[in-house]
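Data block below; observations after.
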Amino acid sequence: MMLYWMQQTGHRPIALMGGGTTRVGDPSGKDESRQLLTEAQIEKNLTGIRAIFSKFLKFGDGPGDAVMGNNADWLNTLNYIDFLRDVGRHFSINRMLSFDSVKMRLERSQELSFLEFNYMILQAYDFVELHKRHGCILQMGGSDQWGNIVNGIDLGRRMLGAQLFALTSPLITTASGAKMGKTAQGAVWLDSKMVSPYDYWQFWRNTEDGDVERFLKLFTILPLGEIARLAALKGAEINEAKKVLATEATALVHGRDEAERAAETARTTFEDDALSANLPTVEVARADLEKGIGVLTANVQAGFVSSTSEARRQIKGGGLKVNDVPVTDERQLLTTKDLTQEGVIKLSFGKKRHALLRPV
RNA sequence: GGAGGGGUGCCCGAGUGGUUAAAGGGGACGGACUGUAAAUCCGUUGGCUUAGCCUACGUUGGUUCGAAUCCAACCCCCUCCA
């Protein structure tokens, strides 16, 4: 999102992939040591992430076009001795020990491996490389990256005499304190194969009241005046603001058409209590439907529950519906008789999640 | 290398021979109430062809009618000493 604004205001954003640093791991991470990725996997991730970023950024060779970098390009070929001589001598252990990420680990006498300790050096070096290769002068990131970025600025000054800058943003949390999806997971979120535009819209629609204004500012490109007007809405009216938030945020990722369709789908489903043909759809073979499909299986296929056992439990708890009728018998079979006039079967999980079963 | 402590479900964490699929908490999901919100209350939280069966307390064996619990070996982690 920050990169988006920079490009809109005439800068050239660089998205940096941690192809080299994923092998090291940030000290702030937990004990789950990161898996080594093969070159092929990294390459695959790179194109995947690039696809996600292209929704926000324009890549290319033009002056304002974004570029994508992979720090494996320079990190993998590093020679240890040379690196120590050229880069390592600029780092003071005394100072590194004073950084929060390190200090916390030491104070809690948690193990901090040398490998992880080097992470900040590598990240600092990234900044220097980016400056050399692309003339990059500003590095942005979450506030948890502040220390790492500042190290990069420092290293830039010492090695190249360059003046570099940092811009960090607070990590985004909800009003109740939960963290918003972080990078890796966030990328999954933006992929329409993982989360449909409709579900994405729903995610924003269900924002807590206290977050609405902040999210409007952060995740939409609406003028501030408009946001102020929406934020002033009170009580039930704040739902209007949430709808705008959902539509605008979805439009940025999936395009205006998809966003409008998601909004319309939600309107017919929730406000008219009608059936919208645009709900996420699961296709089933007509022959299977004629034989009858168990409700349990159907809900697993719809992705509502991960196992038939869970489906059973949800039925006991009254959480599953077929064509808006709560399921009471877990042995119930869905057949062609259950098809609505529109020729589909509507499955619901909870009040908010719906899907259609469509015979093909 | 020496001495000690420990590995339990999504996470934290009880449990030291017998209704223990395993207390409690967190998180997550469902229900009620609402505004598709928050807070609150209730329920659920291993799998399956579910009145039953199967798999599970680091790994592999052993003792026992019966083990997460006892024994042995191994793997891993932590603390202190060198």
Side-chain angles (χ1 to χ4, degrees), chain A residues 29-33 105-113 115-116 173-182 185 189 196-216 230-247 249-250 259 262-276 278-280 291-322 324-333 346-355:
Chain A
K30 279 198 72 183
D31 48 357
E32 27 181 298
S33 50
R105 291 282 281 268
L106 292 177
E107 273 164 15
R108 284 183 297 184
S109 58
Q110 262 179 357
E111 141 142 338
L112 175 69
S113 71
L115 188 77
E116 293 171 293
T173 55
T174 67
S176 40
K179 258 191 211 165
M180 299 284 287
K182 278 201 72 180
Q185 227 177 349
W189 268 87
S196 70
Y198 171 76
D199 286 328
Y200 189 75
W201 192 93
Q202 282 298 328
F203 170 78
W204 294 105
R205 174 64 243 263
N206 288 316
T207 300
E208 294 175 32
D209 286 10
D211 289 328
V212 172
E213 180 176 2
R214 219 155 40 88
F215 285 3
L216 277 168
L230 291 168
L233 296 172
K234 286 281 177 293
E237 294 196 333
I238 202 169
N239 281 319
E240 287 311 312
K242 290 184 189 178
K243 284 180 210 166
V244 174
L245 168 64
T247 307
T250 309
E264 180 56 23
T265 305
R267 202 186 60 75
T268 39
T269 307
F270 287 98
E271 290 174 31
D272 299 349
D273 221 10
L275 191 87
S276 168
N278 289 325
L279 284 168
K291 271 181 270 169
I293 300 174
V295 257
L296 302 175
T297 333
N299 278 287
V300 173
Q301 276 175 11
F304 290 159
V305 291
S306 55
S307 68
T308 59
S309 292
E310 192 183 343
R312 267 184 258 269
R313 278 186 234 113
Q314 291 299 349
I315 287 171
K316 283 187 193 125
L320 292 177
K321 296 197 194 98
V322 171
D324 297 318
V325 180
V327 178
T328 49
D329 177 10
E330 60 184 47
R331 294 206 179 128
Q332 184 180 343
L333 283 180
K346 180 183 177 191
L347 296 177
S348 308
F349 176 51
K351 278 177 301 194
K352 296 178 193 169
R353 301 188 55 193
H354 307 280

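What you see is a predicted model, and the numbers here were worked out from it, not measured in a lab. Each chain gets a letter, A, B and so on, in the order its sequence line appears, and its residues count up from 1.
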Starting at [atom1] of [X] and ending at [atom2] of [N], how long is that distance when rounded to a whole Å?
{"X": "A:E330", "N": "B:G52", "atom1": "CD", "atom2": "P", "value": "14 Å"}
{"X": "A:R353", "N": "B:A28", "atom1": "CZ", "atom2": "P", "value": "15 Å"}
{"X": "A:E208", "N": "B:G35", "atom1": "CD", "atom2": "C1'", "value": "14 Å"}
{"X": "A:R205", "N": "B:A38", "atom1": "CZ", "atom2": "P", "value": "11 Å"}
{"X": "A:N299", "N": "B:C29", "atom1": "CG", "atom2": "C1'", "value": "14 Å"}
{"X": "A:K242", "N": "B:G35", "atom1": "NZ", "atom2": "C1'", "value": "7 Å"}
{"X": "A:R214", "N": "B:A37", "atom1": "CZ", "atom2": "P", "value": "19 Å"}
{"X": "A:L320", "N": "B:C29", "atom1": "CG", "atom2": "P", "value": "15 Å"}

Item to check | From A:S196 atom OG to A:L279 atom CG, the distance as rounded to the nearest 0.5 Å | outcome: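 It is 9.5 Å, given to the nearest 0.5 Å.
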Counting Watson-Crick and G-U wobble pairs only, both distances under 3.5 Å, name the nucleotide matched with [N], or none.
{"N": "B:G9", "result": "none"}
{"N": "B:U69", "result": "none"}
{"N": "B:G43", "result": "B:C29"}
{"N": "B:U64", "result": "none"}
{"N": "B:G1", "result": "B:C81"}

Checklist entry - On a whole-Å scale, what distance lies between the P atoms belonging to B:C53 and B:U8? => result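 Pairwise P distance, B:C53 against B:U8, rounds to 29 Å.
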Next on the checklist: So that I know where these two stand, are A:H354 and A:Y198 an aromatic pair - ring centroids less than 6.0 Å apart?
Outcome noted: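 Judged by ring-centre distance (under 6.0 Å), A:H354 and A:Y198 do not meet the cut-off.
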Using a 4.0 Å heavy-atom cut-off across all strands, classify [X] as base, sugar-phosphate, or nothing.
{"X": "A:K316", "value": "nothing"}
{"X": "A:E271", "value": "nothing"}
{"X": "A:T207", "value": "sugar-phosphate"}

Identify the pairs formed between an N or O of the protein and an N or O of nucleotides 43-47 of chain B at a distance under 3.5 Å, and give each distance.
{"unit_1": "B:G47", "atom_1": "OP1", "unit_2": "A:S307", "atom_2": "OG", "d": "3.0"}
{"unit_1": "B:G47", "atom_1": "OP2", "unit_2": "A:R313", "atom_2": "NH2", "d": "2.1"}

Checklist entry - Would a distance-only check, ignoring hydrogens and angles, find a side-chain to backbone donor-acceptor pair under 3.5 Å from A:T268 to A:E264? => result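 Pair found, side chain donor or acceptor close to backbone of A:E264.
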Checklist entry - What salt bridge (Lys or Arg N to Asp or Glu O under 4.0 Å) pairs are there with at least one residue in residues 293-303 of chain A, not counting sequence neighbours? => result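 Sorted result for residues 293-303 of chain A: empty, none.
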Checklist entry - Closer than 4.0 Å, any side-chain N/O of A:K352 to the OP1 or OP2 of B:A37? => result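 Checking B:A37 against A:K352, a side-chain N or O does come within under 4.0 Å of OP1 or OP2.
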Checklist entry - Under 3.5 Å, is there a donor-acceptor pair between the A:T250 and A:W204 side chains? => result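 Distance-only check fails for A:T250 and A:W204.
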Next on the checklist: Both A:K321 and A:F270 contact RNA chain B. Which one's nearest nucleotide lies toward the 5' end?
Outcome noted: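 Final value for this comparison: A:K321.
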Solution key, residues 236-244 of chain A side-chain donor-acceptor pairs under 3.5 Å, sequence neighbours excluded:
{"unit_1": "A:N239", "atom_1": "OD1", "unit_2": "A:R205", "atom_2": "NH2", "d": "2.3"}
{"unit_1": "A:N239", "atom_1": "ND2", "unit_2": "A:A236", "atom_2": "O", "d": "3.2"}
{"unit_1": "A:E240", "atom_1": "OE2", "unit_2": "A:K243", "atom_2": "NZ", "d": "3.3"}
{"unit_1": "A:K242", "atom_1": "NZ", "unit_2": "A:T207", "atom_2": "O", "d": "2.9"}
{"unit_1": "A:K242", "atom_1": "NZ", "unit_2": "A:D209", "atom_2": "OD1", "d": "2.8"}
{"unit_1": "A:K243", "atom_1": "NZ", "unit_2": "A:E271", "atom_2": "OE2", "d": "2.8"}

Next on the checklist: Ignoring hydrogens and geometry beyond distance, is the side chain of A:K351 in donor-acceptor contact with the base of B:U34 at under 3.5 Å?
Outcome noted: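 Present.
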